[in-house]
Amino acid sequence: VQLQASGGGLVQSGGSLRLSCAASGFSLHYSAIGWFRQAPGKEREGVSCIGSMDGNTYYADSVKGRFTISRDNAKGTVYLQMNSLKPEDTAVYYCATPGSSCPRVGRFGLTHYARWGQGTLVTVSS
């Protein structure tokens, strides 16, 4: 029972990628989903979160205006569209769930999230 991120790859600076997050063993329909990333030698950081029923979206300042989170409940998938990619976006990207809603306090605190799966590597070349 976990989430699985996919869609990573190698892209040039300024390019785009779309990541997908799918669930194994449970339905995403009633789950908020957060995207995180971890660059080599750095701590895991929050990127974005989307609520389940309200569909509210939240973004880290570093990706606002470039990344868009969305969900397709019929397909049981949450997406992260990443545009205008920069070399500093290079990281392993993970998805996880904080329950039904994105946390109001400490929105991207790792302890709020569960069902982490294997991530997907995004490499942005300069």
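Between the CZ atom in Arg107 and the OG atom in Ser48 there is a gap of 10.0 Å [rounded to 0.5 Å]. Once rounded to the nearest 0.5 Å, the distance linking CZ of Arg18 with OG1 of Thr68 reads 12.0 Å. Separation of atoms OG (Ser62) and CG (Asp89) is listed at 7.5 Å; rounding is to 0.5 Å. For the atom pair OG of Ser31 and CZ of Arg71, the computed distance is 7.0 Å after rounding to the nearest 0.5 Å. Taking OG of Ser27 as the start and CG of Asn73 as the end, the distance is 7.5 Å to the nearest 0.5 Å. Remark: Cys95 SG to Gln4 CD distance equals 7.5 Å, nearest 0.5 Å.
Residues Leu3 and Trp116 are not in side-chain contact: their nearest non-hydrogen atoms beyond the backbone lie 4.5 Å or more apart. By the 4.5 Å heavy-atom criterion applied to side chains, Tyr79 and Leu19 are not counted as neighbours. You'll find the side chain of Gln38 stays beyond 4.5 Å of the side chain of Tyr93, heavy atoms only. Side-chain atoms of Val92 and Arg37, non-hydrogen and from C-beta on, never get closer than 4.5 Å to each other. Contact of the Arg115 side chain with the Pro98 side chain is not registered, since no non-hydrogen atoms from C-beta on lie closer than 4.5 Å. The shortest distance between side-chain heavy atoms of Ile50 and Val78 falls below 4.5 Å. A heavy-atom distance below 4.5 Å is not found between the side chains of Phe67 and Gln81. Proximity of Gln12 to Leu85: side-chain heavy atoms (C-beta onward) are nowhere separated by under 4.5 Å.
The same ILVMFWY cluster, assembled from side-chain heavy atoms under 4.5 Å apart, contains both Val63 and Ile69. The cluster map of Ile, Leu, Val, Met, Phe, Trp and Tyr, joined by side-chain heavy atoms under 4.5 Å apart, puts Leu28 and Tyr94 in different clusters.
Minimum interatomic distance between Ser13 and Pro87 (heavy atoms only, all atoms of both residues): OG-CD, 3.8 Å. The two atoms that bring Ser16 and Asn83 nearest to each other are OG-OD1, 2.9 Å, heavy atoms only. Across all their heavy atoms, Cys21 and Trp35 have their closest contact at CB-CZ2, 3.5 Å. Among all heavy-atom pairs drawn from Thr97 and Ala32, the shortest one is OG1-O, 2.7 Å. Here the closest non-hydrogen pair linking Ala96 and Ala114 is CB-O, 3.4 Å.
The number of heavy-atom neighbours closer than 6.0 Å to OH of Tyr30, taken from other residues, nucleotides and ligands shown, is 12 or below.
Note: Tyr113 and Phe36 meet the aromatic proximity criterion, with ring centroids under 6.0 Å apart.
For the residue pair Asp72 / Thr77, no side-chain donor-acceptor distance below 3.5 Å is found, with atom types taken as modelled.
Under 4.0 Å is where a charged nitrogen must lie from a carboxylate oxygen, and between Asp61 and Lys64 at least one such pair does.
Applying the side chain to side chain contact (heavy atoms under 4.5 Å, CB included) test between Val124 and each of Leu17, Val11, Leu10 identifies Val11 as the sole match.
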